[in-house]
Enquirer: 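After the structure tokens below, expect a handful of questions from me.
A, B, ... follow the sequence lines: proteins, then strands. Residue 1 opens every chain. Quantities reported herein were computed from a predicted structural model and do not represent experimental measurements.
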Amino acid sequence: MSRSTSNTISTPSSLNIVDRPLSKGKSEINLSSFAFLFSEMIQYCQDRIKAGHELEKKLSDMGVSVGPRVLELLVVREKNSKRETKLLGILSFIHTTVWKSLFGKQADSLEKSTEADDEYMISDNNMLVNKFISLPKNLSSLNCAAFVAGIIEGILCSAEFPARVTAHNVAVEGKKFSKTVILIKFNPEVIERNP
Amino acid sequence: MIYSLYILNKAGTLIYQNDYGPTEKLSHNAYIRLGSTFHSLHAIASNLSPAGSSSGIELIETETFKLQCFQTHTGTKFYIIADPNHPNLDETLQSIYELYTDYVLKNPFYEIEMSIRCDLFDYKLQRLLGD
């Protein structure tokens with residue numbers, strides 16, 4: 001009498017939780033929920049400042065604490081991720097991977113400043129965080145993407161590329177609404193070690 | 001053709017007004033007066049119903065224009081004045097309401113119940129209603 005050998009097939013449920021592949025997570029959240037939350041964040045900041053220009057600083061500070069968490073999460077989720085040691089590597093990581101996970105698309109462009117060696121610019125024609133925001137006349141130079149600039153600063157600083165990151169409105173020819181440019185100014189030591 | 005749009009807050013104060021067709025320009029105060037008058041008529045009309053409460057004025061038709069009103073659950077009123085032959089004013093009002101919820105209510109710099117000054121809202125309305 002022959003006995004068939006039964007192969008044991010391990011089902012996902014029989015695997016230990018630490019052996020299971022990491023879930024990618026739901027990549028999208030409701031835009032309205034985000035818009036209301038972001039709106040409340042801005043109003044919260046507005047109630048706690050004395051002068052208009054402090055608002056950007058407050059928003060940026062909020063972003064800075066988000067940045068390192070975003071970096072950790074993306075590095076864990078990315079396949080065969082390694083630590084970025086090159087300046088251009090981390091910049092393109094921000095331009096593509098970070099932007100895709102935060103906004104569902106790549107940033108529109110990544111450029112090196114023609115004026116300064118230590119400055120890089122990432123621009124986005126339709127910044128998601130500004131989708132519903134109309135600036136009042138007295139705050140026309142404000143860009144609420146200061147929060148995003150803060151996130152980028154948090155990422156860069158925790159990846160050992162210390163930099164100052166700010167958000168600016170730049171008028172585009174033939175368009176009614178300006179685009180957002182995220183200006184990254186690296187600290188001198190970063191430029192020195194990256195010839 | 002849509003002639004003009006009025007938005008009243010729940011107290012009956014005009015918070016937005018804009019013209020999209022060839023209409024006579026009035027003074028700022030005249031628009032506010034028109035808005036409050038409509039609000040009062042709307043309130044009276046809703047009390048006039050012989051059977052239970054009514055939703056107030058929804059449509060006024062005349063030979064030269066028609067006025068259609070939409071009231072939200074929070075008491076904000078949107079009314080548009082349009083050509084008498086204009087179809088589907090209901091849908092237009094619904095689209096305006098959508099723009100209001102997006103570009104006014106989600107704007108952190110807008111104070112609720114106050115006059116609406118939002119560039120994006122103006123721009124989207126112009127695209128929806130302007131010719």
Enquirer: Membership question, hydrophobic clusters at under 4.5 Å side-chain separation (ILVMFWY): are A:L110 and A:L183 in the same one?
Expert: no

Enquirer: Any chain of hydrophobic side-chain contacts (each under 4.5 Å) joining A:M41 to A:I49?
Expert: yes

Enquirer: Might you work through the side chain to side chain contact (heavy atoms under 4.5 Å, CB included) test for A:I133 and B:Y110, ending with a clear yes or no?
Expert: CA-CA 9 Å; A:I133 296 179; B:Y110 173 67; over 6 Å; no

Enquirer: Looking at A:K86, I want to see if its NZ is surrounded by more than 12 non-hydrogen atoms of other residues, nucleotides or ligands under 6.0 Å.
Expert: no

Enquirer: Minimum heavy-atom separation for A:N130 to B:L120, with atom names?
Expert: O-CD1, 4.2 Å

Enquirer: Kindly check if the number of other-residue, nucleotide or ligand heavy atoms within 6.0 Å of NZ (B:K10) is above 12?
Expert: no

Enquirer: Do B:R117 and A:P136 touch side chain to side chain, with heavy atoms closer than 4.5 Å?
Expert: no

Enquirer: Side chain, backbone, both or neither: which part of A:L139 has a heavy atom under 4.5 Å from chain B?
Expert: side chain

Enquirer: Contact between A:F177 and B:D119 at the side-chain level, heavy atoms closer than 4.5 Å - yes or no?
Expert: yes

Enquirer: Against chain B, label A:K131 side chain, backbone, both or neither, depending on which of its atoms sit under 4.5 Å from a heavy atom there.
Expert: both

Enquirer: Do B:I112 and B:I7 sit in one hydrophobic cluster, given that two such residues count as connected whenever their side-chain heavy atoms are within less than 4.5 Å of each other, even indirectly?
Expert: yes

Enquirer: Please state whether the side chain, the backbone, both or neither of A:L37 comes within less than 4.5 Å of a heavy atom of chain B.
Expert: neither

Enquirer: Does A:N187 CG have over 12 foreign heavy atoms under 6.0 Å away?
Expert: yes

Enquirer: Any chance you could measure B:L105, atom CG, to A:S39, atom OG, to the nearest 0.5 Å?
Expert: 9.5 Å

Enquirer: Just how far is it from atom CZ of B:F109 to atom CG of A:L142, taken to the nearest 0.5 Å?
Expert: 5.0 Å

Enquirer: How long is the straight-line distance from NZ of A:K176 back to CG of B:D122, given to the nearest 0.5 Å?
Expert: 7.5 Å

Enquirer: If you measure from CZ on A:F132 to NZ on B:K124, what distance do you get to the nearest 0.5 Å?
Expert: 9.0 Å

Enquirer: Between NZ of B:K106 and CD of A:E40, what distance do you get to the nearest 0.5 Å?
Expert: 13.5 Å

Enquirer: Please answer: with hydrophobic residues joined when any side-chain heavy atoms are less than 4.5 Å apart, are B:I96 and B:L34 in the same cluster?
Expert: no

Enquirer: Around atom CD of A:E72, are there more than 12 heavy atoms from other residues, nucleotides or ligands closer than 6.0 Å?
Expert: no

Enquirer: What heavy-atom pair brings B:P108 and A:Q46 nearest, and what distance separates the two atoms?
Expert: O-OE1, 4.2 Å

Enquirer: Do A:I122 and A:L87 share a hydrophobic cluster, counting only Ile, Leu, Val, Met, Phe, Trp and Tyr and linking them when any side-chain heavy atoms are less than 4.5 Å apart?
Expert: yes

